[in-house]
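Taking it in order: structure first as structure tokens, then the write-up.
Below, read A as the first sequence line, B as the second, and so on, with proteins coming before strands; counting in each chain starts at 1. Reckoned from all heavy atoms, side chains included, excluding hydrogens, waters and symmetry mates.
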2 protein chains.
Amino acid sequence: MARSQKQAPLHLGISEQIQQQIINGRYLPGNKLPSERELIKEWQVSRITIRRAIANLVQQGLVTTHQGKGVFVTEKCKVTYTLSNPLTFLEDNLADKKIELSMQNISFELVTAPTEVQTILQLSAQNPTAYLQKKLLLTDKVPGGVDLTYILPEIGQKLATELKQNMTFPVLERHNWHIDRVAAIIECTNANLELSEYLDIPLGHPLLVYRHTAYTTNNRPLVHGETISRGDRFCYSVDQLH
Amino acid sequence: MARSQKQAPLHLGISEQIQQQIINGRYLPGNKLPSERELIKEWQVSRITIRRAIANLVQQGLVTTHQGKGVFVTEKCKVTYTLSNPLTFLEDNLADKKIELSMQNISFELVTAPTEVQTILQLSAQNPTAYLQKKLLLTDKVPGGVDLTYILPEIGQKLATELKQNMTFPVLERHNWHIDRVAAIIECTNANLELSEYLDIPLGHPLLVYRHTAYTTNNRPLVHGETISRGDRFCYSVDQLH
DNA sequence: ATCAAAAACTTGTTATAACAAGTAGATAAG
DNA sequence: CTTATCTACTTGTTATAACAAGTTTTTGAT
């Protein structure tokens with residue numbers, strides 16, 4: 001036999017077929033899959049194999065499990081962060097579904113900034129402090145992301161109350177801190193234990209990271225932070241003019 | 001007992017502690033973890049528990065498994081796509097590691113475009129065809145992503161040979177197809193079976209998707225496509241001027 | 001009819017066991 | 001010395017079993 005077709009494991013075949021059934025509409029978004037017991041009967045395999053097949057689907061983001069309740073087909077709907085608009089960060093809902101987006105202040109305090117942040121924000125070596133704000137991003141009241149932002153001390157002090165209730169950039173613009181430039185990196189990570197508990201997602205769930213620094217005139221940095229949001233709930237829209 | 005502390009499962013405790021050991025330097029990037037047999041002895045648990053603990057680490061992208069060889073601590077190094085540069089897509093290597101980036105043409109053929117693409121590229125209803133190019137993105141000769149791009153038929157026909165060997169945008173600019181605007185969405189998905197085999201990654205591995213449409217003057221679309229790349233190997237740099 | 005307890009579900013955790021399959025080093029044949 | 005084979009490793013797959021822990025339904029007492 002020339003072509004040594006490595007025979008596919010059972011769990012993969014099953015998860016692929018269930019995936020097809022989801023696509024074909026046997027299982028609709030939001031609906032419950034048959035229980036493990038029923039799937040065992042249907043596919044005539046052991047529980048460990050069915051559980052592995054389900055795990056395959058979970059990893060692909062097709063289904064979600066809930067202990068005691070069952071396995072449910074994921075309903076997808078994403079919120080788009082628009083980065084290129086006049087300001088930035090104007091939230092816009094995508095597709096048909098209407099999603100309410102809100103934020104919630106977790107903490108707001110003066111801290112000694114990590115060395116990278118000291119460098120980025122050009123803090124004085126004598127007093128390398130900045131305000132660190134932790135925010136929770138909510139979609140339909142449900143946690144969908146966290147935001148950690150370091151704010152120059154003189155700004156954070158004055159605008160504390162407003163910053164605790166609004167998005168950062170609009171508040172800055174309202175108080176005549178003109179944002180000249182935003183340098184950002186968008187990347188992808190996996191949820192660690194802390195984030196998985198915060199956002200109620202399984203360990204390793206894909207996350208989008210928006211790590212940014214906002215500068216005012218003369219390349220003076222104002223704020224630096226990162227927004228970590230659920231990869232299945234958010235995306236970024238970028239419009240580049242040349 | 002007021003606080004019903006749900007006791008953490010064994011596998012979670014073990015994976016968290018191994019993660020600490022990785023951070024503390026007991027296991028260095030690229031090094032092999034002890035084998036399952038050894039870890040079973042060390043932690044005095046069953047194989048299923050150790051395997052689950054390792055699976056936790058895999059899902060967080062901290063280690064990679066190789067059948068027959070062992071489990072190895074991941075070496076992280078990312079390639080940055082710079083989106084804001086004069087043209088676009090100039091590749092820049094991040095951090096210390098030097099990574100060679102190249103591309104490889106998989107296929108280049110005239111096809112009937114899907115309806116969404118027909119709309120986006122404003123193809124004529126009589127002849128809704130476009131060139132579809134499939135490319136493989138390689139980092140150090142290793143597949144790191146795939147790119148599917150639909151190209152206007154008149155452009156694809158003329159520039160076929162060049163497009164097969166170079167990045168799309170520079171080729172267009174070289175032939176006086178000025179790119180006026182690029183509208184893009186960056187999002188996150190999980191590898192399905194096809195992509196996991198293409199890119200040699202486990203099912204569900206996080207992927208970055210860059211879905212873009214390039215327009216020339218008068219908002220005339222030229223190309224539309226999506227770049228799907230490994231979330232652990234790539235990131236996007238965005239610079240916004242206001 | 002109401003409410004609480006019990007039972008019957010669901011998925012989650014963990015152990016033991018056996019074999020498959022990929023890799024690398026030791027061993028034996030040429 | 002070279003090459004092929006065997007052996008001892010490694011991780012991967014699958015089965016059976018028992019219990020834990022959430023959720024829903026049923027039951028039964030009030």
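In terms of modelled atom types and a separation under 3.5 Å, the side chain of A/His212 and the main chain of A/Gly225 share a donor-acceptor contact. Looking at A/Thr227, its side chain never comes within 3.5 Å of a backbone N or O of A/Asp147 through a donor-acceptor pair.
A straight line from CZ of A/Phe72 to P of C/dT11 spans 9 Å, rounded to a whole angstrom. Between the CD atom of A/Glu36 and the P atom of C/dC9 there is a distance of 15 Å, rounded to whole Å. One interatomic measurement links the two molecules: CG of A/Leu57 to C1' of C/dT11, which rounds to 15 Å at whole-angstrom precision. The nearest whole Å value for the distance from the CH2 atom in A/Trp43 to the C1' atom in D/dA15 is 19 Å. Atom CD1 in B/Ile48 sits about 11 Å away from atom C1' in C/dG12, given to the nearest Å. Atom NE2 of A/His11 is separated from atom C1' of D/dA15 by 14 Å (rounded to the nearest Å). In this structure, A/Ile50 atom CD1 and C/dT13 atom C1' are separated by 18 Å, rounded to whole Å. Computed from coordinates, the A/Ile40 CD1 to D/dT16 C1' distance equals 11 Å when rounded to whole Å.
Taking side-chain N and O atoms only, A/Arg52 has no distance below 4.0 Å to OP1 or OP2 of D/dT14. A sub-4.0 Å separation between OP1 or OP2 of C/dC9 and a side-chain N or O of A/Arg37 is absent.
Considering only side-chain atoms of A/Ser35, the nucleotide from C/dT10, D/dT13, D/dC9 that sits closest is C/dT10. Of the candidates C/dT11, C/dA20, C/dA15, C/dT11 carries the atom nearest the A/Arg51 side chain, counting heavy atoms from C-beta on. For B/Thr49, whose side chain is taken as the heavy atoms from C-beta onward, the closest listed nucleotide among D/dA20, D/dT14, C/dT14 is C/dT14. Side chain of A/Gln67, nearest nucleotide from D/dT10, C/dG12, D/dT11: C/dG12.
Nearest-nucleotide mapping onto DNA chain D: of A/Ser46 and B/Lys69, the residue sitting toward the 5' end is B/Lys69.
Looking at A/Arg47, its side chain comes within 3.5 Å of the base of C/dG12 through a donor and an acceptor atom.
When A/Ile14, A/Ile54, A/Leu39, A/Ile40 are each tested for a side-chain contact (heavy atoms from CB on, under 4.5 Å) with A/Thr49, only one passes: A/Ile14.
Taken from CG in A/Leu62 to CG in B/Asn190, the straight-line distance is 8.0 Å, to the nearest 0.5 Å. Rounding to the nearest 0.5 Å places CZ of B/Arg230 at 7.5 Å from CG of B/Asp200.
Backbone-only contact: A/Leu10 has heavy atoms under 4.0 Å from sugar-phosphate atoms and none from a base.
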